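For reference, the structure discussed in these notes is given below.
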Amino acid sequence: MTPEDFKTLETAAENHGATISSDTAIMWGLASDAEILHCGAQIAGGDTSTLQVALQKHAHSATKLYLSAEPHPAIIDINSLILNLDATALDKCIIKASLPAPLKNQHWQQWEGRNEEKIISLACPQTYSHSRNIAHILSKPTPWNTCISSASVSGNSIALVDTQKEYGVVPEIISRTLQYRAVLYSQSQHELIDLLPAKNNCGELIEYICIDNLASFYNVLRYCKINRYLHTLTICDMADLAHLTKLNLADEIVHHLITNTQGEPQTASKVTLNNELDLQQWQVLKTDITGPCCRMTLGRRQSTTHLQSGLN
């Protein structure tokens, strides 16, 4: 297999995955010596049966399989995958992001050992964000959690449903929601949920979970991880955001700063990005300004806080 053949299959699979999600998708592709036969993707942790069906359909013609991540029980049915692989004519299996030894699956390792000549296993690309690095996410006790919040310049939380008139805010949240299997939300943000889609980009029903008290956040996130929700979206107010960052339960923040609010309640609890939120370990990754709204995406400077605890 030439580098050009590999790149063509990889590009086709990655392009298909981008239609599902640029951050949360697992991608795969099948090719014969002459053409690409099938490309598929799924939000990490979701149903990957379409890959199994494709392997069965193209068992006698497929010679190359591309996987964007090494198989792990949290993202794929390994027993079914091995059965289907053994029934194919594959001569190459390309894995773009291999897993470190503590996370490797024994059954998959045994299959690799029997098929060493077929395996091309690559280290996770340094260009991958942590949200795409499955090894990083599997090492955490909780999912990769992206938090969405909104506030005025004076620090008052703003219900995101009230930003409908601010161009691009609610549509951007809808677009993000389509890339997730589970969405958590603060009680104060419940009106926004009626505007969000019932199904994600893979046609799977999104599980919406209301967080009615701060103490339950960790347990809900653990529930999500146990149930193979490897990425979660949390739509929260500023008080809940402060709580999540303090407990290291937020991995990414998408904050909307609204500059033209009128008639704000003067007694509102103020929690600002510079006040009660400890952002010493955070950095601004991206900013977008649309009219009176400035959207800031923040990421942790050190995203390995839970690495060791997740491996234990």
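Model, not experiment: these values are computed from the prediction.
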Would a distance-only check, ignoring hydrogens and angles, find a side-chain to backbone donor-acceptor pair under 3.5 Å from T11 to K7?
-> yes
Under 3.5 Å: donor-acceptor pair, side chain of T177, backbone of I173 | yes
Would you call P143 and D251 a side-chain contact if the rule is heavy atoms closer than 4.5 Å?
-> no
Donor on one side chain, acceptor on other, R181 and N227, under 3.5 Å | no
Below 4.5 Å, heavy atoms only, C-beta onward: do S150 and I258 meet side chain to side chain?
-> yes
Would the number of heavy atoms belonging to other residues, nucleotides or ligands and lying under 6.0 Å from CD of E116 be above 12?
-> no
Main-chain N/O of L122 paired to S98 side chain as donor or acceptor, under 3.5 Å = yes
Least distance between heavy atoms, Q42 atom then D47 atom = NE2-O, 2.7 Å
Distance from S186 atom OG to N213 atom CG, nearest 0.5 Å?
-> 11.0 Å
Look up atom CG in L230 and atom OG1 in T24, then write down how far apart they are to the nearest 0.5 Å.
-> 9.5 Å
Return yes if some donor-acceptor pair links the side-chain N/O of Q189 with the main-chain N/O of C236 below 3.5 Å, else return no.
-> yes
Between H255 and M238, does a side-chain contact (heavy atoms from CB on, under 4.5 Å) hold up when you go through it step by step?
-> CA-CA 10 Å; H255 182 68; M238 296 300 289; 3.5 Å; yes
Following the transitive rule for hydrophobic clusters with a side-chain heavy-atom cut-off under 4.5 Å over Ile, Leu, Val, Met, Phe, Trp and Tyr, establish whether I20 and L67 coincide in one cluster.
-> no
With side-chain contact (heavy atoms from CB on, under 4.5 Å) as the test, would you mind laying out the steps for I209 and T232 before giving the verdict?
-> CA-CA 11 Å; I209 305 172; T232 50; over 6 Å; no
When hydrophobic residues are tied together by side-chain contacts of less than 4.5 Å, even through go-betweens, does V183 share a cluster with L195?
-> yes
So, for W108 and I95, which heavy atoms are closest and what is the spacing to 0.1 Å?
-> CZ2-CD1, 3.8 Å
For the pair H243 (side chain) and L214 (backbone), establish whether a donor and an acceptor sit closer than 3.5 Å, ignoring hydrogens and angles.
-> yes
Given Y218 and T142, is the side-chain contact (heavy atoms from CB on, under 4.5 Å) satisfied, shown in steps?
-> CA-CA 8 Å; Y218 180 79; T142 54; 3.8 Å; yes
Look up atom CG in D288 and atom OG1 in T297, then write down how far apart they are to the nearest 0.5 Å.
-> 6.5 Å
Counting distance only, does the side-chain N/O of T48 pair as donor-acceptor with the main-chain N or O of I76 below 3.5 Å?
-> no
Kindly say whether I137 contributes a backbone atom to a donor-acceptor pair with the side chain of K225 at under 3.5 angstrom?
-> yes
Can L241 be reached from L285 by stepping across I, L, V, M, F, W or Y side chains whose heavy atoms are under 4.5 Å apart?
-> no
Is it true that a side-chain atom of R300 and a backbone atom of A250 form a donor plus acceptor pair closer than 3.5 Å?
-> yes
Does K64 reach the side chain of F6, with side-chain heavy atoms less than 4.5 Å apart?
-> no
Transitively linked via ILVMFWY side-chain contacts under 4.5 Å: I174 with I148?
-> yes
Nearest heavy atoms of A44 and I134, plus distance in Å = CB-CD1, 4.2 Å
Considering all heavy atoms, the nearest S149-L160 contact = O-CD2, 4.2 Å
For D86 and R114, work out which heavy atoms get closest and say how close.
-> OD2-NH2, 4.4 Å
Counting heavy atoms not belonging to Q106, are there more than 12 under 6.0 Å from its CD?
-> no
Does any N or O in the side chain of H190 come within less than 3.5 Å of the main-chain N or O of Q187, such that one atom is a donor and the other an acceptor?
-> yes
Are F217 and L247 linked, directly or through other ILVMFWY residues, by side chains that come within less than 4.5 angstrom of each other?
-> yes
Side chain to side chain contact (heavy atoms under 4.5 Å, CB included) with T63: which of T88, L30, D33?
-> D33
Reported NZ-to-CG distance for the pair K92 and L90, which is rounded to 0.5 angstrom = 10.5 Å
Verdict with supporting geometry, W144 and E252, side-chain contact (heavy atoms from CB on, under 4.5 Å) = CA-CA 8 Å; W144 177 272; E252 181 182 44; 4.1 Å; yes
Does any non-hydrogen side-chain atom of L65 lie less than 4.5 Å from one of L51?
-> yes
Beyond-backbone contact of K96 with M27, side-chain heavy atoms, under 4.5 angstrom = no
Is there a donor-acceptor pair closer than 3.5 Å between any side-chain N or O of S21 and the backbone N or O of Q179?
-> no
Looking at CG of D240 and OG of S157, how far apart are the two atoms once the value is rounded to the nearest 0.5 Å?
-> 8.5 Å
Are H231 and D23 close enough that some pair of their side-chain heavy atoms sits under 4.5 Å apart?
-> no
Which distance, rounded to the nearest 0.5 Å, do you find between the OG1 of T234 and the CG of L184?
-> 4.5 Å
Under a 4.5 Å cut-off applied to non-hydrogen side-chain atoms, are I193 and C210 in contact?
-> no
Nearest heavy atoms of A59 and A87, plus distance in Å = CB-O, 3.6 Å
With a 4.5 Å limit on heavy-atom distance, are the side chains of L192 and Y185 in contact?
-> no
Check: W28/H38 side-chain N/O donor and acceptor closer than 3.5 Å | yes
